[in-house]
Amino acid sequence: MEQPGVALQEGACYAEVTPDALDQSKYVELVADPGAGAIASFVGVTRNSFQGKATERLEYEAYIPMAAKKLMEVCRQACSKWQVRRMAVAHRTGTVLVGEASVVIAVSSAHRRDALEACHWAIDELKATVPIWKKEIFQGGEVWKENEE
Amino acid sequence: MEQPGVALQEGACYAEVTPDALDQSKYVELVADPGAGAIASFVGVTRNSFQGKATERLEYEAYIPMAAKKLMEVCRQACSKWQVRRMAVAHRTGTVLVGEASVVIAVSSAHRRDALEACHWAIDELKATVPIWKKEIFQGGEVWKENEE
Amino acid sequence: MLEVRVLFFARSRELAGTNETTVSLEDGSSTKTLLLLLFQQYPQLEELRGNFVFSLNHEYLGTDEEQQLKAGDEVAVIPPISGG
Amino acid sequence: MLEVRVLFFARSRELAGTNETTVSLEDGSSTKTLLLLLFQQYPQLEELRGNFVFSLNHEYLGTDEEQQLKAGDEVAVIPPISGG
């Protein structure tokens, strides 16, 4: 079921859906820029428990072409709402074990407020708009999650 | 003039003042935690220009023992104001070239909002309370900066 | 007749027992017609009734939004998302 | 007499021409007395007059805050900070 990933680059925006393990520093380096004085980043990680149950792993499934497109839209909207220099968003598909990253966002800007606010907005927007699904596998069962958004 | 660094660890909080180059991933790994679903981090980087002048480098000077103490205070306050699992704050002293990091903050929490808000609060608080000074060396001169805080 | 490609994801994929199918419809059919057809063809989808939306060519449709279909369109059944 | 250690940082270090000195004061002296003494001993500090605070044993003092001093205290001249 493991499909190849997709990476899109549009100007200062980079969006990627990949089955491979995510390395935060790759995306932080991607957004480095001599004009940037601030780099904010976020990593979503598989937690060992959810609502009291011990999580074994998470399985992520993506509508890959649409997910990549929507990730790029999140990126471009953030770049238009804030003074962002560069931005990268990446989401992983397939099995993500406890402690491993499922999503990474990195944003650079001249002044810290833009990067910090854009990064926070982006993860919220991603959860509300990107066609990706998370199944939680825990001891004794599994369940498809639903974001509040 | 290069003084040795100081690193403090108090429970879930880590604070460091060091003359060595800062590696963000070290601090992100420091705050990794099986119960954390989110890791937010911030890197302050030397920019190539400031108010139109081409920056050559920044020189940071710290009142090291008090700076380390104040960094720890920032950490502990963040941990009490938000549901933080672990937090690390590190500031570099001495010369920091364009593109290099002068400060790194990493915060982990079960849910993303705590890590993201604590990280943002912490960099603002750090700039207002930690006895560290930044001299900007640019073509044609140098000037001690002053934070707005 | 027009043919559209229908993709199933997550819970809908499990209920339909497949991740993809091709559906033939009368010319001029809409996404509403497709919805009825899918419930007939995959009765287990009832579990998700009222709890999913369609996407049409990589764009979401509103819960009650009806769109005309044309040959080659790609429709996906989108259960509540949980990315990030 | 009591002796206190005085540290100078950033611009104040440049103006004073040193990063540290030891100052002897009458017993019971306060940070206000110290301030006057420093301006006498380092007239170039005038450039920073009203634009720095003291720290006393790693705690900031308010701009007009006066504290009693005791032997071995560590006072630092803290120009406006610019960390981060």
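Each chain gets a letter, A, B and so on, in the order its sequence line appears, and its residues count up from 1.
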Side chain / backbone / both / neither for [X] at chain C, heavy atoms under 4.5 Å:
X      : answer
A:A67  : neither
A:E136 : neither
A:A101 : neither

Determine which residues belonging to [range] lie within contact range of chain A, meaning some heavy atom pair is under 4.5 Å apart, and list them by number or answer 'none'.
range                     : answer
residues 58-67 of chain C : C:H58, C:E59, C:Y60
residues 69-84 of chain C : C:E74, C:A76, C:I78, C:P79, C:P80, C:I81, C:S82, C:G83, C:G84
residues 23-49 of chain C : none

ask   = Does atom CD of C:E20 have more than 12 heavy-atom neighbours, drawn from other residues, nucleotides or ligands, at distances under 6.0 Å?
value =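 Yes, CD of C:E20 has more than 12 neighbouring heavy atoms, counting only those of other groups under 6.0 Å.
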Do [X] and [Y] have side chains that approach each other closer than 4.5 Å (heavy atoms only, starting at C-beta)?
X      : Y     : value
A:I39  : A:V31 : yes
A:P19  : A:Q3  : no
A:K70  : A:Y63 : no
A:L71  : A:V17 : yes
A:I105 : A:Y27 : no
A:W121 : A:V74 : yes

ask   = Taking every heavy-atom pair that is under 4.5 Å apart, which of A:S102, A:G44, A:P131 has the most such pairs with chain C?
value =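 It is A:P131.
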request  = Specify which of A:V103, A:L126, A:V130 makes the most heavy-atom pairs with chain C at under 4.5 Å.
outcome  =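 Of the options given, most contacts go to A:V130.
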request  = Could you note down all residue pairs passing salt bridge (charged side-chain N to carboxylate O under 4.0 Å, His left out) where residues 4-20 of chain A supplies at least one of them, sequence neighbours left out?
outcome  =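 As it turns out, the salt bridge (charged side-chain N to carboxylate O under 4.0 Å, His left out) pairs with a partner in residues 4-20 of chain A, which skip direct neighbours, are A:E10-A:R76, A:E16-A:K26.
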query = Which pair of non-hydrogen atoms, one from A:C79 and one from A:V84, has the smallest distance, and what is that distance?
reply =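 Here A:C79 and A:V84 meet closest at SG-CG1, 3.7 Å.
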request  = Report the residue from A:E142, A:E61, A:E59 that forms a side-chain hydrogen bond (donor to acceptor under 3.5 Å, both in side chains) with A:K135.
outcome  =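 Answer after filtering A:E142, A:E61, A:E59: A:E142.
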Separation between CZ of A:R85 and OG of A:S108, rounded to the nearest 0.5 Å =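 OG of A:S108 is found 7.0 Å from CZ of A:R85.
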inquiry  = Just verifying a value: how many Å separate C:S55 OG and A:K69 NZ, rounded to the nearest 0.5 Å?
reply    =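 One gets 9.0 Å once the value is rounded to the nearest 0.5 Å.
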key: Ring-ring centroid check A:W133 A:Y60, cutoff 6.0 Å   =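 Distance test on ring centres: not under 6.0 Å, no.
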request  = Could you tell me whether A:R92 and A:E100 have a side-chain N and a carboxylate O separated by less than 4.0 Å?
outcome  =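 Answer for the salt bridge query: yes.
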request  = Check step by step if side chain to side chain donor-acceptor pair (under 3.5 Å) holds for A:Q24 and A:S41.
outcome  = CA-CA 8 Å; A:Q24 175 181 15; A:S41 57; 2.7 Å; yes
